[in-house]
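Letters A, B, ... are given to chains in the order of the sequence lines, protein chains preceding strands, and every chain is numbered from 1. Values below: all heavy atoms of this structure, side chains included; hydrogens, waters and symmetry mates excluded.
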Amino acid sequence: MPHQRPFYLTTPIFYISGTPHIGHAYTTIAADVLVRTARAHGPARGLTGTDEHGQKVANAAAAAGMTPQQYVDSLAPKWRTLAPAFDAHFDDFIRTTEPRHVRACLALFERMRISDDVYEGVYEGWYCTNDETFWPEAKLVDGRCPNPECRRAVQWLSEKNWFFRLSKYQQPLLDLFRTKPEFLRPQTRYNEMMAILEEGLEDFSISRSSFDWGIPLPGGGVLYVWYDALINYISALGWPEDADGLYARFWPGVHLIGKEIARFHTIIWPAMLMSAGLPIPSRVFAHGWITSDAGTKIGKSLGNAMDPFAMRGEFGADSLRYFLLREAPFGSDFSISIEKLRQRHNSDLGNDLGNLLRRSLAMLQKYRNGLVPEAGAGTVQERVADLPSLVNEHVMAFRFREALDEIWNVVTLLNRTIDEQKPWELYKHQREVELDAVLYDLCEGLRWLSLLLFPFMPAKATEMWRQLGLAGTPELQWNEELVWGRLAANTQTNPGDALFPRIEPPVLSS
RNA sequence: GGCUCGGUAGCUCAGCGGUAGAGCGGGGGACUCAUAAGCCCUAGGUCGUAGGUUCAAAUCCUACCCGAGUCACCA
């Protein structure tokens, strides 16, 4: 069943001083597939953006000889190009330095004060200047920084800050998790957060007074960067003014995040919203890490990040999108390599799908001058009847791989239909009615595939659509378009270049 | 160290009480519309180890081994 409610999905906002790596592309692409699928059933909205405050940014700006604002302005364009580079379309891109965001943060802070959930306290602990991190006493190694690559002396710091009475929300959060386990998926992340909740929550410092690159508070100091960052999900909708009515229409939304930030999104953020008397997110999904073949995490700090732009250059955005969502269950870690990418590209995309389109249109060209025949007594219709709802259910539950498995069953079905019906023999023996029936089934089946694959591979699905002789793009409502027989007879098809040209392994020279 | 999740065919994984499954790779076959693609057949793996419960266990319980994650106010 298509969902009725407007659908709102967010990615995390990316920390601006980093460099985009394959993990950012992964989150972005998955979010885009969700939003595009939702949009095929009704109103849907996607949000991404950048997180621009914090001491690290301030330090990096100083090192670059710029003001923090100049510095983040110089970096923001790089992040804006990330989504378009992978054919991901978001309705909005928020930067936490924008006035609309600043206003929302201060408004939320004020609401929480009114709830008596914000109080002044002293924030202190052992601080490592190099890592810019406070460490609990128990973590110190010989009284020094526990980071194995640091091990410098730590110093005792204390500053007066605002605290959020997070402890007050332990029970409400436990109730939430127990009554609505689907709030956080997958299960393994849910278990971890439950363990944290059962251990108990401590109040949480939400301002800083030792530096000033953040959202300034009326009485001095700035908001802690995470407190500020989480609010982007509603500030981008126009809360609290909501002049455009977006907040009223789209909140609460769904958050897609990486597993490392589940705590912020499923404990701190809901508690903040509860405190302010606002609805909490409807769902949070924490996906896994992409690793290299050696099994090491790919991240900025390890210096082995695969450049997503280079990978796109070699395989194309659609092929990469397909690989990332087909290769592993969404939520698990998985490894990526050029060889695996090539394997998927050649086998699934080139051999199965691309070749299916080409051989189908080639026969239509040869036997019917490229004109779609009248529909006949085909066998494919009944086999695909459940496919749209099945695919939609899988995608909306973050089961991208299962959705693609279902779609590929139909790719295989159509390939098998050709081999079983042998159109070349039907043609030779002038069995015109049967030949028409098979050719129609193939074209209509391919039209369905184009529509269903559009969220995953927008450009290639559109190219399929074009070769099938259809106008516009397959970005259409499924309940109207996924009706068997909608493809009109006498449509003039346009066979074209191979959809996914084979990519040969590099020739090794000795 | 506590807790959590995994350890199933060469690879990636599904199965989660009833005498072992899929995809890919590998091997064989019949065809020709097609990107030498597609289709059909084929994999005989002590389901991490050792016990236990049961008429019956990858599937439940216990212990252990191995791997990963998490227990941080760094985004």
Euclidean distance, atom CH2 of residue A:Trp424 to atom P of B:G38 [Å, nearest integer]: 14 Å
Whole-Å distance separating the CG atom of A:Leu361 from the P atom of B:U35: 12 Å
What base-paired stems does RNA chain B take part in, with at least 3 consecutive Watson-Crick or G-U wobble pairs and both distances under 3.5 Å? B:1-7 with B:65-71, B:10-13 with B:21-24, B:26-29 with B:39-42, B:48-52 with B:60-64
Surrounding NZ of A:Lys160 (heavy atoms of other residues, nucleotides or ligands, distance under 6.0 Å), is the total greater than 12? no
For A:Asp212, does the CG atom have more than 12 heavy-atom neighbours from other residues, nucleotides or ligands under 6.0 Å away? no
Indicate whether the side chain of A:Asp405 and that of A:His394 have a donor and an acceptor atom separated by less than 3.5 Å. no
Would you tell me whether A:Asn232 and A:Arg95 have side-chain atoms, one donor and one acceptor, within less than 3.5 Å of each other? no
Are OP1 or OP2 of B:U70 and a side-chain N or O of A:Arg189 less than 4.0 angstrom apart? no
Is the phosphate of B:U35, meaning OP1 or OP2, less than 4.0 Å from a side-chain N or O of A:Arg358? yes
May I have the step-by-step check of ring pair (Phe, Tyr, Trp, His ring centres under 6.0 Å) for A:Tyr26 and A:Phe330, ending in yes or no? CA-CA 10 Å; A:Tyr26 182 49; A:Phe330 197 66; 5.5 Å; yes
Glycosidic conformation of B:A58, taking syn as within 90° of 0 and anti otherwise: syn
Report, as a single string ordered 5' to 3', how protein heavy atoms within less than 4.0 Å touch nucleotides 21-29 of chain B: B base, S sugar-phosphate only, - not at all. ---SS----
